[in-house]
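Counting starts at 1 for both ligands and their atoms, following the listed order. All residue numbers in this chain count up from 1 along the given sequence.
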Amino acid sequence: MTICYLNGEYMPLSQAALPLTDLGVLRGYGVFDYLRTYHGVPFRLDDHIRRFRSSADQIGLHIKESNELLADIVATVLARQELQQTHSNTNTSSNDDVEEASSTTNNSNTTPQEWAIRIIATGGQSDNNFLPTPGRNTLAVMVEPMIIVDDTPHQTGVRIITTRSDRERPTVKSTNYITAIMAMQEAVQSGAVEALHVDVHGMVSEGTRTNIFFVLPSSRDNSNNVIVTAPDDILLQGVTRKVMIELIEQDDHLTLSVRPISLDEVMSGATEAFLTSSTKEILPVIAIDGHPIGNGQIGPVTERCHQLFREYAWRSTTAIATAANAANPGNTSTSSRSATRTPGVE
Ligand SMILES: Cc1ncc(COP(=O)(O)O)c(C=O)c1O
């Protein structure tokens, strides 16, 4: 059973429902954020909550719940989900079905369960079915097991295509993914895993659900490589991108440039490219529109970036998980150890 939070209550996901007159349904007026856990600890939760509120602010959607309450709700949903999971595992093992259960989920006794978390806000019900009525926003938090994806794409690299579609508000994580879904339909038809947005001037921004970095020769010194990503104001500022930028800036051997990039420049000069997102982490790109990037193989800069990211993700969450475990030694659930009571929503 999957637990969720909806407008002040915790309930099984199967029982959660919105009125058809919710502005999210009627007008597609809503925002969301999506993050994952490492060691059961939400990764960079503060950044995701900040982006969630920024998305809402940019479309004039007032979210009445404070950032502290949002964090508390996330922790509570996770804690309840883990408790529920522990109960269902106990029941499963007492039925002698444990082998079957652990072969179909990633929740064996040795592999900790990881979760994907979605925080969603919509305009809620409005007095005139159009303009949002202050204080009536819908708020939902859902968790689902992180699907353990086959790691092959990270070992082999992936192919992507470009798409000439314009996005209405690229800096907002809107619930409206029409453009993205249409672009991904094109990508899937051509055997690609992502579509890269390129504007009418031929400038690259990001993928449908990923940001992108390129390794390009430095304009000052052709022998030096620079890792380039497009400017903040033309894309969704991914939290993985943000972490990667921090890690590159801290590394003595890597150089970063955040600047406009044209598709021509990429096709003629990029030696490596990689996508970033919460689910894909750092995913090497070996070809764009059938054109190989560099020698068409995963490059050393991409490998280094992935290593830096994985080490950081594990290190930063291990510290939190260890502190939580020390504070609550008898508890089997990492997130419930860090969860506190949620004021006003029980
Ligand atoms: C348009 C877009 N860009 C980038 C990303 C990557 O963001 P993050 O790294 O926070 O997962 C996403 C995530 O879904 C996205 O939808």
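Between Y177 and F32, the ring centre distance stays below 6.0 Å.
At a cut-off of 3.5 Å, with distance as the only test, no side-chain donor of S190 or E186 sits close to an acceptor on the other residue. When only modelled atom types and interatomic distance are considered, S205 and H197 share no side-chain donor-acceptor pair under 3.5 Å.
A cation-pi contact, defined as under 6.0 Å to the ring centre and within 45° of the axis, is absent between R36 and Y34.
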Where does ligand 1 get N/O contacts under 3.5 Å from the protein, atom by atom?
| residue | atom | partner | partner atom | Å |
| --- | --- | --- | --- | --- |
| ligand 1 | 3 (N) | E206 | OE1 | 2.6 |
| ligand 1 | 9 (O) | V239 | N | 3.3 |
| ligand 1 | 9 (O) | T240 | N | 3.0 |
| ligand 1 | 9 (O) | T240 | OG1 | 2.6 |
| ligand 1 | 10 (O) | R51 | NH1 | 2.9 |
| ligand 1 | 10 (O) | R51 | NH2 | 3.1 |
| ligand 1 | 10 (O) | V239 | N | 2.8 |
| ligand 1 | 11 (O) | S278 | N | 2.9 |
| ligand 1 | 11 (O) | S278 | OG | 2.7 |
| ligand 1 | 14 (O) | K173 | NZ | 2.7 |
| ligand 1 | 16 (O) | K173 | NZ | 3.4 |
| ligand 1 | 16 (O) | Y177 | OH | 2.6 |

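Looking at N211, D232, T276 one by one, the single match for side chain to side chain donor-acceptor pair (under 3.5 Å) with R241 turns out to be D232.
Remark: F52 engages no residue in a ring-ring contact (aromatic ring centres under 6.0 Å, His included) (not counting sequence neighbours).
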